[in-house]
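Numbers restart at 1 for each chain; the letters A, B, ... are given by sequence-line order, proteins then strands.
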2 protein chains.
Amino acid sequence: MKQLLSLFTVTCALLCTSASAQEFTNEQLNQVNTLRTNAMQSDLSWQILSSLTTEIGPRLPGTENDKLAVAWAQKQFKSLGFDKVWVEPATFPNWRRYHESASITLPSHQPLHITALGNSVSTPKAGLKGEVILFETFEELVAAPENSLNGKIAFINYRMNRDIDGNGYGPAVKARNKGAVEAAKKGAVGYIMRSVSTGHHRFAHTGGSHYDERVTKIPTAAVANPDADQLERLISMGHTVNIDMNIQTEDLGEGTSYNVIGEITGSETPEQYVLIGGHLDSWDLGTGALDDGAGVALTMAAAKLIKDVKRPKRSVRVVLFAAEELGLWGAKAYFKANEKSLTNIVAAAESDFGAGQVYSFESNVHAQSLPIVRAIAQELAPLNITYIGKNEAHGGPDLIPFKQAGSAPVFGLDQNGTDYFDYHHTADDTLDKVDPEKLRQNTAAYAIFAFMAADAKNTIKAK
Amino acid sequence: MKQLLSLFTVTCALLCTSASAQEFTNEQLNQVNTLRTNAMQSDLSWQILSSLTTEIGPRLPGTENDKLAVAWAQKQFKSLGFDKVWVEPATFPNWRRYHESASITLPSHQPLHITALGNSVSTPKAGLKGEVILFETFEELVAAPENSLNGKIAFINYRMNRDIDGNGYGPAVKARNKGAVEAAKKGAVGYIMRSVSTGHHRFAHTGGSHYDERVTKIPTAAVANPDADQLERLISMGHTVNIDMNIQTEDLGEGTSYNVIGEITGSETPEQYVLIGGHLDSWDLGTGALDDGAGVALTMAAAKLIKDVKRPKRSVRVVLFAAEELGLWGAKAYFKANEKSLTNIVAAAESDFGAGQVYSFESNVHAQSLPIVRAIAQELAPLNITYIGKNEAHGGPDLIPFKQAGSAPVFGLDQNGTDYFDYHHTADDTLDKVDPEKLRQNTAAYAIFAFMAADAKNTIKAK
């Protein structure tokens with residue numbers, strides 16, 4: 001594999017130079033070099049991330065901390081010298097977690113580490129008791145006979161696979177999205193699942209879940225992996241396992257938060273812009289360092305570093321989306337509010353997969369624009385980023401609406417997420433999990449990508 | 001270092017063979033080989049550990065689970081075919097944890113992960129609020145002026161060092177043992193400390209703490225390392241940091257539990273015995289897999305494996321000590337109850353440092369007995385265990401009373417504890433943290449040590 005990569009690098013050095021030369025002047029390429037050097041020596045993204053996760057901490061949409069984060073982001077943008085700073089409202093289902101606890105009560109009393117899934121209803125005040133019925137997969141639960149779970153607590157024990165690109169997430173997240181609905185259909189009074197997680201520490205991983213208005217809403221929670229192991233072993237040893245769970249949450253109706261937007265205004269066609277960003281909100285358990293403080297910090301820093309080298313022809317817009325965790329509400333609001341000008345987006349990429357090393361770069365653009373993509377790839381290569389020629393990039397969760405509408409050329413700066421799901425949506429998502437050196441590399445990658453897309457001779461076009 | 005070890009191995013192979021031949025017959029050495037092979041192929045210690053940590057779980061002295069564990073241990077000993085099984089009472093200060101929670105309230109609201117230290121008094125029902133005053137070390141707190149902490153919450157931020165042999169524990173544990181007393185002397189209303197921990201996950205590490213009857217007892221807790229980082233950063237950023245903590249505990253007076261003892265009776269001088277064991281109790285947060293389910297399981301399994309090969313001349317006694325975590329209460333009770341016959345102990349070793357690979361073997365015996373020690377060391381060498389000639393072994397926490405009284409030849413089968421304090425006294429001390437292969441190696445080491453000490457021609461003597 002390494003040899004193949006070397007071969008690619010050599011081949012590209014021969015073939016790609018002309019592409020770069022056509023799209024970018026030597027002066028521009030020198031500016032890119034300066035940008036790369038500056039970014040790799042800068043602690044700016046770390047300082048921003050440290051401030052956000054330390055001085056504010058968790059940022060569940062609709063909470064006081066969410067408001068603090070919106071104010072913080074505007075202040076940061078202004079103090080970093082962004083040309084324009086503004087907010088745009090986004091509404092979302094305003095949900096709160098107040099209490100969660102659980103224990104095994106049979107065959108012996110033991111604490112059970114759980115966390116309510118987002119959107120979960122409460123148990124009765126005194127809690128909910130029931131026998132645990134284990135299913136290995138979501139499909140097994142779906143196949144259970146009607147009424148077979150009457151009065152029981154259904155438990156899906158599916159183990160997520162560990163992958164560099166998070167490929168294991170999709171198959172695992174089914175049980176989180178729809179498990180409670182399927183369990184309730186069979187008569188269950190509660191639903192628990194092995195966390196959507198690759199970790200082996202005793203943290204339960206929260207995350208969004210959905211109800212079906214036609215089906216009874218039952219409390220729904222994830223258990224930490226060691227606790228899932230414990231339930232599995234007890235059952236395999238032949239024990240009847242009863243648990244007691246107490247979840248107190250509240251549905252506060254519709255809430256409002258804000259996308260916070262900062263722009264470095266372009267020198268030639270300022271209405272056209274490169275969109276980079278992350279989401280400002282986080283789950284309430286950790287301090288949202290990996291998810292998604294890192295994305296916020298490194299894209300803010302990248303734009304500031306660009307401005308310090310040269311104002312590009314087109315604008316660079318950093319969008320910090322609201323309420324991503326509850327269902328991409330900020331992204332949907334941005335899409336709607338800016339519907340008429342979305343074709344102004346010349347390139348878009350969201351950083352929302354932690355702070356691991358960026359290892360590959362991919363695009364989703366019109367074929368005419370591939371020479372620019374290749375020129376950018378060439379400048380990312382010194383950061384040990386490989387170019388993927390497939391041209392089918394996704395661009396990050398908040399860019400899903402844009403990609404679905406076909407209204408923006410999206411890019412992937414793919415991070416190594418091998419350990420991302422050890423921490424994702426847990427109390428353990430804290431600043432110490434971020435490697436400052438890798439954060440610098442991410443910042444440099446975003447700075448180079450955004451600068452080149454914004455300053456290219458030709459405008460990148462959507463497919 | 002590796003070369004030195006190889007040199008040692010070669011030298012020992014030349015010099016030590018004669019020692020072995022003098023102390024053990026070829027038949028005995030063949031039995032040792034069989035024992036080693038059997039142990040390295042056996043899952044018995046894993047099965048015992050899985051049963052204890054899964055079917056019972058946490059085992060805080062005086063709780064219902066502690067009683068279950070005492071009954072479980074007797075049943076296990078009997079079903080493993082031990083010749084004698086009995087219990088001996090031990091009393092201890094019966095303490096319970098009911099609730100613990102904390103949050104940062106200034107400069108923003110954030111959960112703070114804490115755990116009450118063992119023996120902590122409660123806060124008022126509504127909790128305790130105060131400004132956090134940081135000290136880097138225990139000594140800094142001791143040096144603070146009188147009344148300088150009036151109404152404040154003292155915080156010692158000392159970081160424990162990571163070591164293979166747990167050497168960092170002693171310097172760190174001062175703050176746990178006596179921090180609350182020193183803080184109260186200066187007027188503090190509460191005391192928190194960075195966990196005695198090498199981990200970077202968000203678990204607070206509990207552990208024993210002490211009050212001074214002449215000093216006001218204030219609530220005392222450990223915070224998880226990422227939370228200690230957060231407090232440290234907030235303070236270094238110039239913020240006044242207020243926290244709110246709520247700890248509800250109870251002192252239930254004197255409790256009673258039991259040392260559980262199983263014996264494989266010797267064939268020639270049964271009154272003489274090798275003592276191996278661990279402690280049956282655990283803290284209430286995890287399931288006590290590393291601390292000290294592993295020690296319990298591997299010494300039970302070792303004795304059973306010995307009996308399956310050959311009943312040795314002297315007895316092998318497995319002692320599962322009660323209430324170690326609250327202050328070696330089971331060990332003290334055993335020492336007192338067996339005071340007149342302690343000279344019958346021909347060798348003693350406790351496994352209470354997790355389940356890492358045993359990497360060295362050391363003794364603390366009369367010089368006359370060193371040939372036997374060397375012979376044992378020679379048989380441990382194939383398990384990658386190095387012999388340390390120093391003859392100053394400690395033998396494990398529960399053997400402290402024995403060693404202090406000079407009444408037993410104690411041995412160390414030293415485990416690699418590099419990551420032990422990542423898990424020690426946390427909710428994360430669960431079965432999945434134990435490596436089955438390393439547990440087998442530990443079991444083999446204890447089986448060989450105990451068999452040879454019990455079956456040697458000459459009796460090992462204390463210094």
- [ ] Heavy-atom distances under 4.5 Å only: say whether A:Ile104 touches chain B with side chain, backbone, both or neither.
- [x]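 Contact with chain B is absent: no heavy atom of A:Ile104 under 4.5 Å.
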Open item on the list: So for A:Asn225, is it side chain, backbone, both, or neither that comes closer than 4.5 Å to the heavy atoms of chain B?
Closed with: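 For A:Asn225, neither part sits under 4.5 Å from chain B.
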- [ ] Would you name the heavy atoms of A:Leu68 and B:Ser108 that are closest together and state the gap between them?
- [x]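 What the structure gives for the nearest pair is CD1-CB, 4.0 Å.
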Task: Matching residue for B:His201 among A:Thr426, A:Asp432, A:Asp428, A:Thr430 - test: side-chain contact (heavy atoms from CB on, under 4.5 Å) - done: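 Going through A:Thr426, A:Asp432, A:Asp428, A:Thr430 one by one, the side-chain contact (heavy atoms from CB on, under 4.5 Å) with B:His201 is satisfied by A:Asp428 alone.
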Task: Close approach to chain B in residues 226-238 of chain A, criterion heavy atom under 4.5 Å - done: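 At a heavy-atom separation under 4.5 Å, chain B is reached by A:Pro226, A:Asp229, A:Gln230, A:Arg233, A:Leu234, A:Met237.
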Open item on the list: Are there residues of residues 47-57 of chain A whose heavy atoms fall under 4.5 Å of chain B's heavy atoms? If so, which?
Closed with: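 The stretch touches chain B at A:Ser50, A:Ser51, A:Thr53, A:Thr54, A:Glu55, A:Ile56, A:Gly57.
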- [ ] Between chain B and each of A:Gln110, A:His239, A:His113, count heavy-atom pairs under 4.5 Å; write down the option with the most.
- [x]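 Result: the option with the highest number of such pairs is A:Gln110.
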Open item on the list: Would you compute the distance between atom CZ of B:Arg202 and atom NZ of A:Lys433 and round it to the nearest 0.5 angstrom?
Closed with: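 Atom-to-atom, B:Arg202:CZ and A:Lys433:NZ are 8.0 Å apart.
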